[in-house]
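Written below as structure tokens is the structure these notes are about.
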Number of protein chains: 2
Amino acid sequence: MNEPLLEDFEELNNELVSVFNNVMWIEEAALKQSYFSDITLKDMHTIDAISMYSEKSASQVAKIIHLTPSAMTTAIDRLVDKGYIERRRSNTDRRVVRLGLTHKGRVVYRAHQGFHRDLTHNLLDNMQPSEAETVKRAIHNLVSYLANVIKQ
Amino acid sequence: MNEPLLEDFEELNNELVSVFNNVMWIEEAALKQSYFSDITLKDMHTIDAISMYSEKSASQVAKIIHLTPSAMTTAIDRLVDKGYIERRRSNTDRRVVRLGLTHKGRVVYRAHQGFHRDLTHNLLDNMQPSEAETVKRAIHNLVSYLANVIKQ
DNA sequence: TGATTTATTTCGATAGTCAAACTAATTTTA
DNA sequence: TAAAATTAGTTTGACTATCGAAATAAATCA
């Protein structure tokens, strides 16, 4: 590994750690205080993976959020009971369960997207367009690196 | 909120979401495959909060990682049993439990720090010093924003 | 000293996870 | 085309982490 690019590499590193450690529980806490206090952040990620228009199967969603099939089933049960998502057996292959958001599900989904947009806006606060491009490149670096780690 | 700074704001936003959603489970998976497969990522965060030289009390650590006192007790039990941390009653106030890392604890702590340093290095991959400063400013924006959200 | 506060622990209940066994639907193969 | 294998999802049982309430013990206040 070559020389650090920043004198205060450690400071950046610590801030990054703090972001990772805090974002999760802030989302969790925000959910608890909201109108949607009956779901956890993990539930939220399930809803997010199902998303708006896709009609994904249960196993596709399980793969996205890294749950075993059995855990996926109970997670779906929970969210169906609470009225956030719907189960529909596929007509073309009656083994598969297609998942979709209910009206209530679409409302939380959009609220959660709003939270993430706020994060992104704040990330770019006070940046010139060219600087914003640099930030984008940095985040893209991270995505590529993580994708690489996953593959191995 | 003013105009987006990037034409492809959405793309950046999506990548940021993907980073948040993936970092956690990658850390989790990395732990499972490692020599330290007997601890979870949450355990790792406890170890991280205790850190190297501080001698924090149980309730201080609980506050940092947002656990209730009772959950903190059992989390400590777990990590003591597995040999990662040590409990010492304070001499000046015998109600308080001071926590410290064992040798094994310090080893995982450093390994985990290494993981985060890799992330930071990759974030800055192919950046000029001035660009690295911009990235640093962006992350700092995020930290400030999150700190602000916490306060409310 | 007696009452109150503080730090931690114990206990009972609950929720989410996994692995293994199972059901039902579809595809392969002989 | 009937039997075997595969695939998608569910059920069950065991386990773990969490919480809230009550208990314990030490320190501080009045």
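Just so it is clear, the model here is predicted, and its values are computed rather than measured. In what follows, every chain begins at residue 1, and chains take the letters A, B, ... in the order their sequences are listed. Worth knowing before you read on, the calculation uses all heavy atoms, side chains too, and leaves out hydrogens, waters and symmetry mates.
Ion pairing between a basic and an acidic side chain is recognised when a charged N comes within 4.0 Å of a carboxylate O; Arg87(B) and Asp77(B) show such pairing.
Toward the 5′ end of DNA chain D lies the nearest nucleotide of Val96(A), the other residue of the pair Val96(A) and Lys32(A) mapping further downstream. Nearest-nucleotide positions on DNA chain D for Gln60(A) and Asp43(B) put Gln60(A) closer to the 5' end. Annotation: of the two residues near DNA chain C, Pro69(B) and Asn91(A), the 5′-most nearest-nucleotide partner is Pro69(B). If Thr68(A) and Thr92(A) are placed on DNA chain C by their nearest nucleotide, the residue sitting closer to the 5' end is Thr68(A).
Mapping heavy-atom proximity under 4.0 Å, the span of DNA chain C touched by chain B runs 5' to 3' from dT6(C) to dT10(C). If you walk DNA chain D from 5' to 3' and mark each nucleotide with an atom closer than 4.0 Å to a heavy atom of chain B, the marks span dA17(D) to dA27(D).
Considering CD of Glu15(A) and OG1 of Thr120(B), their distance stands at 10.5 Å, rounded to 0.5 Å. Put simply, CG on Leu101(A) and CD on Glu86(A) are 9.0 Å apart, with the number rounded to the nearest 0.5 Å. In this structure, the separation between CG on Asn21(A) and CG on Asp48(B) is 6.5 Å, given to the nearest 0.5 Å.
By the side-chain hydrogen bond (donor to acceptor under 3.5 Å, both in side chains) test, Glu11(A) pairs with no residue at all, sequence neighbours left out. When the side-chain contact (heavy atoms from CB on, under 4.5 Å) test is applied to Arg95(B), the partners found at least two apart in sequence or on another chain are Asp93(B). Residues passing the side-chain contact (heavy atoms from CB on, under 4.5 Å) test with Thr40(A), sequence neighbours excluded: Glu28(A), Lys42(A), Asp43(A).
Within residues 70-87 of chain B, the residues approaching DNA chain C are Ser70(B), Thr73(B), Arg87(B), by heavy-atom distance under 4.0 Å.
Using cut-offs of 30° and 60° on the angle between ring planes, the pair Trp25(B) and His66(A) is tilted.
Between Phe36(B) and His112(B), the ring center distance fails the sub-6.0 Å criterion.
Judged purely by distance below 3.5 Å, without hydrogens or angles, the side chains of Tyr145(A) and Asp125(B) never pair a donor atom with an acceptor atom.
Note on Arg89(B): only backbone sugar-phosphate atoms sit closer than 4.0 angstrom, heavy atoms only; bases stay farther off.
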field: Check against side-chain hydrogen bond (donor to acceptor under 3.5 Å, both in side chains), Asn13(B) and His116(A)
entry: CA-CA 7 Å; Asn13(B) 185 50; His116(A) 278 291; 5.4 Å; no

